[in-house]
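To keep things clear, I will list the structure first and then write my remarks on it.
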Amino acid sequence: MTPNEHARQAYEFLEQAENELAAGDKLQASEKLWGAATQAVLSILTTEGRRSKTHRDLKEAVYRLSADMGEDVYDGFAIAEKFHANFYNGFMEDYQIESDKGRVHNFVHRLLPVHQV
């Protein structure tokens, strides 16, 4: 995929997450939020000519980005990871989902303006 395709997919996943939440499917919404975050990171990596084969690759890329963009970038990815875990374990309460989904939206929007969508 191209950087723009990854970026478009990130935004689509954000929209799908909102639709899943409206339909009451918190687990699918959680995974879509995780997917949005990863697609945003992949957009940047692809632009830089890098590849990601593992979760660790994504995390290291975000750590590197946070050095330039601020610690809140790393924190946003950590929240996205929490949603990924929630998909498998369903441990997040409604108030956590409502509160934390905005942080994933902010993460995606913070990363993607660096590249054209």
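- A salt bridge is absent between E60 and R64; no separation between the charged side-chain nitrogens and carboxylate oxygens falls under 4.0 Å.
- Side chain of S66 to main chain of Y74: no donor-acceptor pair is present (N/O by atom type, distance under 3.5 Å, no hydrogens or angles).
- Considering only residues two or more places apart in sequence or on other chains, H105 meets the side chain to side chain donor-acceptor pair (under 3.5 Å) condition with E18.
- Contact record, L27 with G90: CD2-CA, 3.7 Å, taken as the closest heavy-atom pair.
- Remark: side-chain polar atoms of Q16 are not paired, donor with acceptor, to backbone N or O of F13 under 3.5 angstrom.
- One finds the NE2 atom of H84 at 11.0 Å from the OG atom of S30 (value rounded to the nearest 0.5 Å).
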request  = Given side-chain contact (heavy atoms from CB on, under 4.5 Å), test M69 with L111 step by step and report yes or no.
outcome  = CA-CA 9 Å; M69 299 177 75; L111 292 187; 3.8 Å; yes
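- One finds no salt bridge joining D57 and R50 here, because no Lys/Arg side-chain nitrogen approaches an Asp/Glu carboxylate oxygen to under 4.0 Å.
- The two atoms that bring A80 and A37 nearest to each other are CB-CB, 3.4 Å, heavy atoms only.
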inquiry  = Could you go through S52 and L42, starting from their C-alpha distance and side-chain angles, then the distance that decides it, and tell me whether this counts as side-chain contact (heavy atoms from CB on, under 4.5 Å)?
reply    = CA-CA 7 Å; S52 171; L42 289 170; 3.6 Å; yes
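- Each of V41 and M1 belongs to its own hydrophobic cluster when Ile, Leu, Val, Met, Phe, Trp and Tyr are linked at side-chain heavy-atom distances under 4.5 angstrom.
- In this structure, CG in L58 is found 12.5 Å from CZ in R56, a value given to the nearest 0.5 Å.
- Annotation: the span from I97 atom CD1 to L33 atom CG amounts to 9.0 Å, rounded to 0.5 Å.
- Counting heavy atoms from C-beta outward, L112 and S43 have side chains that approach closer than 4.5 Å.
- For the pair K32 and A17, the tightest heavy-atom approach, listed with the atom from each and the gap, is CB-CB, 3.8 Å.
- Interatomic distance, T2 OG1 to E5 CD, rounded to the nearest 0.5 Å: 3.5 Å.
- Distance check, rounded to the nearest 0.5 Å: CZ of F77 to CZ of R103 gives 14.0 Å.
- E15 CD: 12 or fewer foreign heavy atoms inside a 6.0 Å radius.
- Considering only residues two or more places apart in sequence or on other chains, T38 meets the side chain to side chain donor-acceptor pair (under 3.5 Å) condition with none of them.
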ask   = Taking it one step at a time, do Q39 and Y11 satisfy side-chain contact (heavy atoms from CB on, under 4.5 Å)?
value = CA-CA 9 Å; Q39 290 298 313; Y11 283 115; over 6 Å; no
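- The heavy-atom pair separating H109 from L14 by the smallest distance is NE2-CD1, 4.1 Å.
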Intermediate values then yes/no, side-chain contact (heavy atoms from CB on, under 4.5 Å), W34 and F87 = CA-CA 9 Å; W34 164 248; F87 172 71; over 6 Å; no
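- Hydrophobic cluster membership differs between I79 and Y95, with clusters built from Ile, Leu, Val, Met, Phe, Trp and Tyr side chains linked at under 4.5 angstrom.
- Two different hydrophobic clusters hold F91 and Y88 under the rule that ILVMFWY side chains link at heavy-atom gaps under 4.5 Å.
- Residue A10 comes nearest to A40 through the heavy atom pair CB-N, 3.9 Å, listed as atom of the first residue, atom of the second, then distance.
- Under the salt bridge (charged side-chain N to carboxylate O under 4.0 Å, His left out) criterion, the residue pairs touching residues 79-99 are K26-D94, K59-E81, K82-D100, E98-K101, with sequence neighbours excluded.
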